[in-house]
Amino acid sequence: MADVLPRTGTRRREQTRARLLDAAHEVFAEVGMDAASVEMICERAGFTRGAFYSNFESKNELFLALITQLAGAKLDEVAVRVRDLPTSAMTDPGSLVRQVVGVSLGDRMEPQLFSELRTQALRDPELAAAYLSWQDAMAGRVEGIIRHVVDVYGLRLRLPVPDAARLLVDVSDDTCTRATLEGRPAEEVSGLMNDRLERIVGILVEPA
């Protein structure tokens, strides 16, 4: 019985955290990070401020957790696609990008959210440090995916794998920011990102 109660408490906490993240995603997408308040998020999730602060220290921490969740889900999807690709799938680097990345950022990955995180980080040193750590973690995930592709297909890159991973993350980040400034819809951003990644990979991979 003593073991059941902690597990139940852990599940309840995870459910509360998940509902807060879902509510934050809706609120941030509707009004942006600046206009969103802890009260708005709590009301949308159906919780009190106490429930919020038992899971997150601040709105910034919640926002970063949300971005991490969204980006992680997309990278999980990419990793699965890479793992399931047959060795015959490699016809040229561009086709590999199209098969691996796909045509969509994902239903929940609004480019505006990522651009807003970057903008807020420029103003807030504490958030900037957290943002840089997050970006390093994303680059690490991308590096693992690249290493798998290089090993499976015997590719040679013009840059070390860590540098190539960082370049791809930076290109994705810049594409999201610029497309947001231009007011492009998410579907168009996906197409632009895939096109830019395809071109960059074509440059990075040395001819056989």
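The side chain to side chain contact (heavy atoms under 4.5 Å, CB included) test applied to A130 returns L64, not counting sequence neighbours. Every residue two or more places apart in sequence or in another chain that forms a side chain to side chain contact (heavy atoms under 4.5 Å, CB included) with E30 is listed here: E26, R44. Under the side-chain hydrogen bond (donor to acceptor under 3.5 Å, both in side chains) criterion, D163 pairs with no residue at all, not counting sequence neighbours. By the salt bridge (charged side-chain N to carboxylate O under 4.0 Å, His left out) test, D76 pairs with R141, sequence neighbours left out. Every residue was checked against the salt bridge (charged side-chain N to carboxylate O under 4.0 Å, His left out) condition with E116, not counting sequence neighbours, and none meets it. Take F56 and apply the ring-ring contact (aromatic ring centres under 6.0 Å, His included) test, not counting sequence neighbours, and it matches F52. Residues passing the side-chain hydrogen bond (donor to acceptor under 3.5 Å, both in side chains) test with R17: none are found, sequence neighbours excluded. Remark: E182 pairs with R178, R184 by the salt bridge (charged side-chain N to carboxylate O under 4.0 Å, His left out) rule, at least two apart or across chains. Every residue was checked against the side-chain hydrogen bond (donor to acceptor under 3.5 Å, both in side chains) condition with E126, not counting sequence neighbours, and none meets it. For the side-chain hydrogen bond (donor to acceptor under 3.5 Å, both in side chains) test, residues two or more places apart in sequence or in another chain that qualify with D34 are Q120, R123.
When all heavy atoms of L159 and A164 are compared, the pair lying nearest together is CB-N, 4.4 Å. Taking each heavy atom of C176 and M193 in turn, the nearest pair found is SG-CE, 3.5 Å. Residue A51 comes nearest to L20 through the heavy atom pair O-CD1, 4.0 Å, listed as atom of the first residue, atom of the second, then distance. L127 and A121 make their closest contact through CD2-N, 3.8 Å (heavy atoms, listed as atom of the first residue, atom of the second, distance). Pairing each heavy atom of H25 with each of L70, the nearest pair is CD2-CD1, 3.8 Å.
Hydrophobic clustering keeps V201 apart from I203 (ILVMFWY residues linked when any side-chain heavy atoms are closer than 4.5 Å, directly or through intermediates). With hydrophobic clusters built from ILVMFWY side chains whose heavy atoms lie under 4.5 angstrom apart, L167 shares a cluster with V149. Residues V169 and L75 fall within the same hydrophobic cluster, defined by Ile, Leu, Val, Met, Phe, Trp and Tyr side chains chained together at heavy-atom separations under 4.5 Å. Follow the hydrophobic side-chain contacts under 4.5 Å out from V80 and you never reach L197; the two are in separate clusters.
Side-chain N or O atoms of R147 include none that pairs as donor or acceptor with a backbone N or O of V161 at under 3.5 Å.
In this structure, the side chains of T177 and T119 stay at 4.5 Å or more apart for every pair of heavy atoms. Counting heavy atoms from C-beta on, the side chains of V78 and V142 never come closer than 4.5 Å.
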M33 and L117: CA distance, side-chain angles, deciding distance, side-chain contact (heavy atoms from CB on, under 4.5 Å) verdict: CA-CA 8 Å; M33 186 177 177; L117 173 62; 5.6 Å; no
Candidate pair Y131 and I67, rule side-chain contact (heavy atoms from CB on, under 4.5 Å), full reasoning: CA-CA 10 Å; Y131 172 77; I67 296 298; over 6 Å; no
From CA spacing to verdict: side-chain contact (heavy atoms from CB on, under 4.5 Å), Y153, H148: CA-CA 9 Å; Y153 296 104; H148 178 85; over 6 Å; no
Residue pair L66, L62: steps toward the side-chain contact (heavy atoms from CB on, under 4.5 Å) verdict: CA-CA 6 Å; L66 174 63; L62 171 64; 5.5 Å; no
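One distance of note links CG of L168 with CZ of R166; it measures 11.0 Å at 0.5 Å rounding.
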When the side chains of residues 35-42 are checked against the rest of the protein, which donor-acceptor pairs come out under 3.5 Å, sequence neighbours left out?
residue	atom	partner	partner atom	Å
S37	OG	M40	N	3.1
E39	OE2	R49	NH1	2.1

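Counting only residues at least two apart or on different chains, the salt bridge (charged side-chain N to carboxylate O under 4.0 Å, His left out) pairs with a member in residues 148-157 are R156-E206.
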